[in-house]
Enquirer: 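The following block contains the structure, expressed as structure tokens.
Quantities reported herein were computed from a predicted structural model and do not represent experimental measurements.
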Amino acid sequence: MAIIANAKVKTYPEPWSGEVLSGKHQLITDKPESFGGQDKGLAPYDFVCSGLISCTMITLRMYAQHKGFDLGEFTVEADFNANKEGKEWIERRLSFANALSEELHQKVLDICQKTPVTKTLLRSVEINTSII
């Protein structure tokens, strides 16, 4: 067993706000004003999307480096969606400054389905909770 990530959050006095600590990094989490927060930082599902798109970008760049080609500048965006029936899904979009060949276009789509965070989200994950 190996721990591949670690984070903790400390509450702020304001409702819903907190400081997320991970290694040397600090981030603020909060809820949007429309949910009673002050929108000082990322909401929890923003972190889920951020993890997915970060992993996508890194995996694609590693693949391109390994194969010896340049994808150029690109962006990855994600929206977490939910409907009234309880279905949840993520829409991920990639945009490349340079046009991709048809072959590379399909390869990028294939790689996106194989990124570590994508695979974790697709199979779900067991969560064990304890009070210490």
Side-chain angles (χ1 to χ4, degrees):
M1 178 178 77
I3 296 173
I4 61 171
N6 175 269
K8 78 176 181 180
V9 63
K10 296 191 310 187
T11 59
Y12 279 169
E14 303 87 11
W16 324 133
S17 292
E19 179 182 31
V20 177
L21 304 165
S22 182
K24 300 183 287 183
H25 309 284
Q26 300 88 33
L27 303 160
I28 304 299
T29 187
D30 199 356
K31 294 293 274 174
E33 290 177 2
S34 60
F35 286 95
Q38 287 138 33
D39 203 17
K40 289 183 177 182
L42 298 176
Y45 282 106
D46 295 328
F47 281 108
V48 173
C49 289
S50 296
L52 175 65
I53 64 173
S54 297
C55 185
T56 301
M57 181 272 299
I58 290 167
T59 302
L60 287 171
R61 292 181 80 183
M62 289 173 67
Y63 177 81
Q65 181 183 39
H66 176 72
K67 294 295 185 178
F69 60 85
D70 184 10
L71 289 172
E73 187 176 314
F74 65 95
T75 61
V76 186
E77 296 179 72
D79 298 323
F80 197 104
N81 296 276
N83 65 19
K84 291 179 182 177
E85 291 77 37
K87 181 180 178 195
E88 298 175 329
W89 70 98
I90 296 173
E91 297 285 343
R92 176 172 45 190
R93 295 174 303 285
L94 290 88
S95 176
F96 292 86
N98 303 327
L100 302 179
S101 68
E102 280 299 316
E103 180 183 346
L104 188 53
H105 181 257
Q106 188 56 52
K107 190 64 181 168
V108 164
L109 291 175
D110 292 343
I111 293 164
C112 285
Q113 290 304 108
K114 297 175 184 172
T115 72
V117 172
T118 299
K119 288 165 62 173
T120 296
L121 290 171
L122 287 172
R123 73 175 172 262
S124 197
V125 65
E126 181 178 324
I127 300 173
N128 300 307
T129 305
S130 62
I131 297 176
I132 55 173

Enquirer: Is F69 reachable from F74 through a run of I, L, V, M, F, W or Y residues, each pair having side-chain heavy atoms under 4.5 Å apart?
Expert: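 Hydrophobic grouping puts F74 with F69.
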
Enquirer: Within the 4.5 Å heavy-atom criterion, are E91 and E77 side-chain neighbours or not?
Expert: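 Sidechains of E77 and E91: no contact.
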
Enquirer: State whether R93 and D79 are salt-bridged, where the test is any N-O pair (Lys NZ or Arg NE/NH1/NH2 against Asp/Glu carboxylate O) under 4.0 Å.
Expert: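 The answer is yes: the pair qualifies as a salt bridge.
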
Enquirer: Would you say V9 and Y45 are hydrophobically clustered, going by side-chain heavy atoms of ILVMFWY under 4.5 Å?
Expert: no

Enquirer: Got K10 and Q26 here, is their nearest side-chain heavy-atom distance under 4.5 Å?
Expert: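 No - every pair of side-chain heavy atoms lies 4.5 Å or more apart.
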
Enquirer: Should F80 and W16 be regarded as members of a common hydrophobic cluster, given that ILVMFWY residues are connected when their side-chain heavy atoms come within less than 4.5 Å of each other, either directly or indirectly?
Expert: no

Enquirer: Kindly write out the residues that satisfy side chain to side chain contact (heavy atoms under 4.5 Å, CB included) with F35, not counting sequence neighbours, or none if the list is empty.
Expert: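 Partners of F35 under the side chain to side chain contact (heavy atoms under 4.5 Å, CB included) test: K31, P32.
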
Enquirer: Evaluate the side-chain proximity of F96 to H105: yes if any heavy-atom separation is below 4.5 Å, no if none is.
Expert: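 With C-beta onward as the side chain, the pair stays apart.
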
Enquirer: Is the shortest heavy-atom distance from the side chain of S17 to the side chain of T29 under 4.5 Å?
Expert: no

Enquirer: Is it true that atom CD of E14 has more than 12 heavy atoms of other residues, nucleotides or ligands lying nearer than 6.0 Å?
Expert: yes

Enquirer: Could you tell me which non-hydrogen atom of A78 sits nearest to which non-hydrogen atom of L52, and how far apart they are?
Expert: CB-CD2, 4.5 Å

Enquirer: Say whether I53 and Y63 are linked into one hydrophobic cluster, either directly or through other cluster members, by side-chain heavy-atom distances under 4.5 angstrom.
Expert: yes

Enquirer: Side-chain contact test, heavy atoms from C-beta onward, threshold under 4.5 Å: evaluate it for F47 versus V20 and give yes or no.
Expert: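 Yes, side chains in contact.
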
Enquirer: Has T115 got a side-chain atom pairing as donor or acceptor with T118's backbone, closer than 3.5 angstrom?
Expert: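 Checking the backbone N and O of T118 against the side chain of T115, a donor-acceptor pair under 3.5 Å is found.
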
Enquirer: Tell me whether L21 is reachable from I28 by hopping between hydrophobic residues (I, L, V, M, F, W, Y) whose side-chain heavy atoms are closer than 4.5 Å.
Expert: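 Looking at the clustering, L21 is in a separate group from I28.
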
Enquirer: Using the side chain to side chain contact (heavy atoms under 4.5 Å, CB included) criterion, which residues pair with K87? Sequence neighbours excluded.
Expert: N83, W89

Enquirer: Would K119 and Q113 satisfy side chain to side chain contact (heavy atoms under 4.5 Å, CB included), going step by step from the backbone distance to the final call?
Expert: CA-CA 7 Å; K119 288 165 62 173; Q113 290 304 108; over 6 Å; no

Enquirer: So do the side chains of L27 and E19 get within less than 4.5 Å of each other, counting heavy atoms only?
Expert: no

Enquirer: Hey, what do you get for CD (Q106) to OG (S101), rounding to the nearest 0.5 Å?
Expert: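 It is 11.0 Å, given to the nearest 0.5 Å.
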
Enquirer: Using modelled atom types and a 3.5 Å cut-off, is there a donor and acceptor pairing between side-chain atoms of D30 and backbone atoms of G37?
Expert: no

Enquirer: Does the side chain of T59 reach to within under 4.5 Å of the side chain of K114, using non-hydrogen atoms?
Expert: no

Enquirer: Once you round to the nearest 0.5 Å, how far does CG of L71 lie from CG of L60?
Expert: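 Interatomic distance, L71 CG to L60 CG, rounded to 0.5 Å: 6.5 Å.
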
Enquirer: With a 4.5 Å limit on heavy-atom distance, are the side chains of V108 and L94 in contact?
Expert: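 The answer is yes, as the side chains (C-beta and beyond) meet within the 4.5 Å cut-off.
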
Enquirer: Taking atom CD of E88 as the centre, report whether more than 12 heavy atoms of other residues, nucleotides or ligands fall under 6.0 Å from it.
Expert: yes

Enquirer: Return yes if some donor-acceptor pair links the side-chain N/O of R92 with the main-chain N/O of T56 below 3.5 Å, else return no.
Expert: no

